Amino acid sequence: MSESAPKNAPASAYRTTLNIPDTPFPMRGDLPKREPLWVKEWDEQGTYKKLRDARRGAPKFILHDGPPYANGQIHIGHAVNKILKDMIVKARQLEGFDALYTPGWDCHGLPIENAIEKLHGRNLPRDEMQARGRAFATEQIAQQMVDFKRLGVLGEWDNPYKTMNYASEAGELRALKKVMERGFVYRGLKPVYWCFDCGSSLAEFEIEYQDKQSQTLDVMFPAADPEKLAAAFGLPALSKPAFAVIWTTTAWTIPANQALNVNPELEYSLVDTERGLLVVASALVEKCLERWGIAGRAVATAKGEKLDHINFRHPLAHVDKGYDRLSPVYLADYATAEDGTGIVHSSPAYGVDDFQSCVANGLKYEDILNPVQGNGQYAQDFPLFGGQPIWKAVPVIIDALKVAGRLMGTSGITHSYPHCWRHKSPVIYRAAAQWFVRMDEGEGVFTDPAQKPAKTLRQIALEAIEHTRFYPENGKARLRDMIAGRPDWCISRQRSWGVPIPFFLHQDSGELHPRTMEIIDQAADIVERGGIEAWSRVTAEEILGAEDAKHYTKSTDILEVWFDSGSTFWHVMRGTHAGMHHDEGPEADLYLEGHDQHRGWFHSSLLLASAIFGRAPYRGLLTHGFTVDGQGKKMSKSLGNTVSPQQVSGKLGAEIIRLWCAATDYSGDLAIDDKILARVVDAYRRIRNTLRFLLANVSDFDPATDAVPFGEMLEIDRYALTRAAELQQDILAHYKVYEFHPVVARLQLYCSEDLGGFYLDVLKDRLYTTAAKSPARRSAQTALYQITHAMLRWMAPFLSFTAEEAWKIFGQSESIYLETYQTIPAADEALLAKWERLRQIRDAVNKEIENVRAAGTVGSSLQAAVTLAAAPEDHELLASLGDDLKFVFIVSTITLVAGSALQISVTASSNEKCERCWHYRADVGADTAHPTLCGRCTSNLYGAGEPRAHA
């Protein structure tokens with residue numbers, strides 16, 4: 001029955017005889033009001049624990065939570081991340097796995113220190129910083145937990161992991177010891193990324209590149225060995241003063257220059273100019289002269305190798321005796337003729353290549369000049385520029401060079417430059433004694449020869465990547481390239497709020513105490529009892545004894561936060577939450593984060609697991625994109641294009657965020673704005689309305705007594721179940737590989753096309769007009785009951801509140817998540833093919849009926865009398881439905897005739913309309929006791945009931 005009564009039509013006397021469906025499942029979701037009640041119920045009833053109890057002994061599925069940072073309210077990116085994790089865990093739970101999910105938080109590190117310094121001032125004592133850090137992180141976690149739970153995320157909320165838990169802090173120290181035993185940890189003076197705002201070194205994956213405005217300089221270094229320089233160029237003597245000219249974009253490094261680099265294979269020219277004899281790469285002579293605005297000619301050439309160890313002087317040597325030092329030439333391949341002058345100035349404290357070149361040529365660590373302090377200022381006693389911040393000193397340095405007559409030229413440039421990803425401020429390379437994890441060959445401190453692997457950490461990690469599944473696949477190349485090219489990992493930081501590096505260094509030699517490995521165990525025990533604060537209070541005398549303590553200094557360095565989170569597979573999954581890992585192989589089935597974590601958590605976790613176990617800690621890596629606005633722009637408060645998950649939940653419901661997240665292809669950026677959310681609301685309503693129809697029409701169905709065996713069901717019902725089984729197979733295949741947007745698309749299409757547009761449309765007449773307990777109606781209800789079971793499970797991973805709400809009305813168990821996917825009975829594929837063709841013919845008939853309706857000939861499809869000519873194959877298929885064919889087409893009469901092709905004729909029926917079923921039939925009034933009813937309605941109400949076999 002496809003039409004509804006006009007608004008002002010008189011009530012039918014037979015309306016009460018129809019099987020009018022009803023359900024307590026409301027049409028309006030009223031999500032903002034109802035969802036918090038579900039969150040409260042899940043919390044109070046311990047739903048997550050019940051899920052674990054229900055799956056005890058089942059195969060495990062473990063998604064390890066990459067800990068969000070305990071600082072600030074969650075944003076829409078956090079919501080995406082947590083919802084994706086929740087959908088995956090719930091899908092695996094429904095598949096029958098013991099799907100564990102323990103949320104976590106990253107609690108140490110600089111952002112919290114910065115927040116506390118803003119609130120309480122800088123230079124707080126370590127004890128106070130640690131106490132305030134712990135209290136601050138605790139507050140932030142409580143706030144974030146409320147918001148995460150509000151999104152419908154189920155997990156072990158009553159026992160999350162926190163990197164600041166005493167046991168986690170202690171476990172991290174034991175992980176450090178293990179990495180040391182395997183030979184990967186060493187101490188070295190090396191240039192590392194240094195952020196002045198952080199006041200600490202940074203790891204490679206804490207760096208991002210942004211454009212920066214700088215000044216280029218061409219600077220003259222006077223020859224200190226003119227005779228050697230003349231000989232190198234094959235000249236008896238130099239006719240005038242000579243200079244090596246360098247080009248740089250970092251003027252602030254010039255005061256710390258200690259060498260020059262030339263390429264041994266390049267040809268260099270000695271160019272005679274009004275400024276003297278200038279040494280530059282031959283390939284760049286013309287460009288250089290043009291840039292400097294002078295004329296000149298090359299008087300001699302020489303290979304770079306001839307210039308090796310020839311001395312020049314610092315360009316400010318004649319200005320201040322503090323700069324009166326030599327700058328020898330060292331050979332280096334990284335000096336090229338691509339730009340500049342082909343000669344690179346070398347400040348070994350401020351560049352990795354410079355450092356390696358100078359050390360390789362005999363410069364001792366203690367002789368390396370390092371005047372830039374951790375706060376970004378030159379040391380107070382540094383000549384000419386002491387106490388000045390390096391960025392502000394650039395114009396002062398340029399002026400000094402100009403006055404000294406050593407500046408050939410300067411100009412502005414915009415170039416890509418490393419920045420701190422937290423502060424967005426430019427960073428520098430700065431030499432500092434730090435602790436490193438070694439990527440390649442070399443010796444570590446306190447290596448246990450029995451545990452040292454045969455391969456380097458880089459080799460182990462690259463092999464581990466080959467054994468990891470990536471979603472999407474392009475993540476593999478990204479992580480592999482990062483591991484292949486990364487330098488050694490600097491794991492020490494000069495901060496207070498973090499896990500201590502429990503080392504004691506000899507005051508003279510700088511060597512570690514011989515009992516260091518025992519001390520780490522001792523420190524771990526102390527921390528496990530009292531947290532990092534307890535270790536801070538411990539004195540050298542208490543650990544080493546009075547005599548040793550005189551000669552050793554207690555390190556105040558901490559482990560960087562990527563070591564915290566990167567080691568959680570060790571100190572959480574095998575420690576504080578030991579049940580949350582597989583007994584063999586990688587601890588987790590999946591790590592899931594934004595694609596920036598290829599350089600972050602994925603990266604550090606891989607390195608530490610490779611160092612400790614020789615493999616990755618995960619079997620699969622899934623990455624998602626970032627959230628952007630509807631125009632694809634990055635979200636920012638200044639642009640006013642941010643979307644607050646708290647506000648959306650309060651206005652539309654968290655279910656709408658969940659559905660948006662599921663419906664969006666997360667492999668790219670996820671666009672969201674009010675218009676997009678409005679479309680999601682419409683999609684949600686369509687799914688909810690379909691679900692409401694299903695629930696209403698099985699409200700009087702008891703499967704124990706009313707179910708019809710599959711073989712006895714009407715043909716269209718068997719087709720509907722077969723189609724549902726086919727769809728479920730498709731949906732579960734997508735769930736297996738963590739794809740949700742195809743599932744949402746198929747579910748929406750299924751609701752609108754398969755159900756609303758066809759099966760339910762056809763079914764209404766049988767459901768409403770046949771006897772309530774008739775085999776025909778019970779057959780339909782059996783199919784709807786099975787479809788409802790299946791559909792609730794399909795949607796439960798993403799429409800979690802709605803599925804649970806419906807399950808309370810429909811299901812037998814306490815929660816939908818205690819269930820597993822439905823086994824749907826299905827016929828052979830021939831039935832699918834047959835009904836797909838019937839639906840195609842039905843679409844053609846409906847189109848013709850619409851044309852006639854538009855012309856005003858008929859009012860509804862039931863008023864139509866259809867004559868259908870069909871070719872033999874179609875004729876046989878249509879005829880197989882017998883008299884039930886008219887129900888498939890929702891017309892009152894249909895005449896089937898033979899033909900060579902499909903031809904459709906539609907006219908208005910000349911019969912009377914039945915008051916109860918609205919069909920136009922010749923037998924309306926045949927029963928004088930019911931003059932407004934047709935024969936099928938009187939039979940359904942007072943007789944044996946009409947026979948139905950197909951539809």
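If you're wondering where the values come from, they're calculated on a predicted model, not measured in any experiment.
- By the 4.5 Å heavy-atom criterion applied to side chains, Thr820 and Arg55 are counted as neighbours.
- In this structure, Arg948 is positioned above the aromatic face of Phe887, its NZ or CZ under 6.0 Å from the six-membered ring centre and within 45° of the axis.
- Here Ser779 contributes atom OG and Arg766 contributes atom CZ; the two are 5.5 Å apart, rounded to the nearest 0.5 Å.
- Figure legend: cation-pi geometry between Arg692 and Phe25 absent, as NZ or CZ is not positioned both under 6.0 Å from the six-membered ring centre and within 45° of its axis.
- Defined by atom type and a distance below 3.5 Å, a donor-acceptor pair is present between the side-chain atoms of Lys834 and Ser880.
- The closest side-chain heavy-atom distance from Phe740 to His734 is not below 4.5 Å.
- Taking the six-membered ring where the residue is Trp, Tyr785 and Phe810 present tilted rings, their angle falling between 30° and 60°.
- Taking CD1 of Ile894 as the start and CG of Leu885 as the end, the distance is 4.0 Å to the nearest 0.5 Å.
- Paired with Tyr738 under the rule ring pair (Phe, Tyr, Trp, His ring centres under 6.0 Å), one option of Tyr471, Tyr666, Phe470 passes, and it is Tyr471.
- By the 4.5 Å heavy-atom criterion applied to side chains, Phe758 and Val762 are counted as neighbours.
- For the residue pair Asp98/Gln93, the side-chain donor-acceptor check at 3.5 Å is not satisfied.
- Put simply, the side chain of Arg718 gets close to the backbone of Met713: a donor and an acceptor are under 3.5 Å apart.
- A side-chain donor-acceptor contact under 3.5 Å links Asp923 to the backbone of Gly935.
- Between the side chains of Gln728 and Gln822, no donor-acceptor pair of N or O atoms lies under 3.5 Å.
- For the pair Arg52 and Tyr48, the cation-pi test (distance below 6.0 Å, angle within 45°) is passed.
- Between Glu35 and Glu655, some side-chain heavy-atom pair lies under the 4.5 Å cut-off.
- Rounding to the nearest 0.5 Å gives a distance of 11.0 Å between CG of Leu862 and NZ of Lys886.
- Look at Arg679 and Asp682 and you find no salt bridge, because none of the NZ, NE, NH1 or NH2 atoms lies under 4.0 Å from a carboxylate O.
- If you check the side chains of Glu819 and Ser813, you find a donor sitting under 3.5 Å from an acceptor.
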- Query: Which is it for Tyr821 and Trp794 under the ring pair (Phe, Tyr, Trp, His ring centres under 6.0 Å) test, yes or no, and what are the steps along the way?
  - Reply: CA-CA 8 Å; Tyr821 292 118; Trp794 300 341; 9.0 Å; no
- Verdict with supporting geometry, His950 and Trp835, ring pair (Phe, Tyr, Trp, His ring centres under 6.0 Å): CA-CA 11 Å; His950 303 286; Trp835 281 88; 8.2 Å; no
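- Trp807 has its ring centre less than 6.0 Å from the ring centre of His789.
- Taking the ring centre of Tyr817 as origin, the terminal cationic atom of Lys90 falls inside the region bounded by 6.0 Å and 45° from the ring axis.
- The side-chain contact (heavy atoms from CB on, under 4.5 Å) test with Phe693 is passed by exactly one of Leu691, Asn697, Leu695, Asn689: Asn697.
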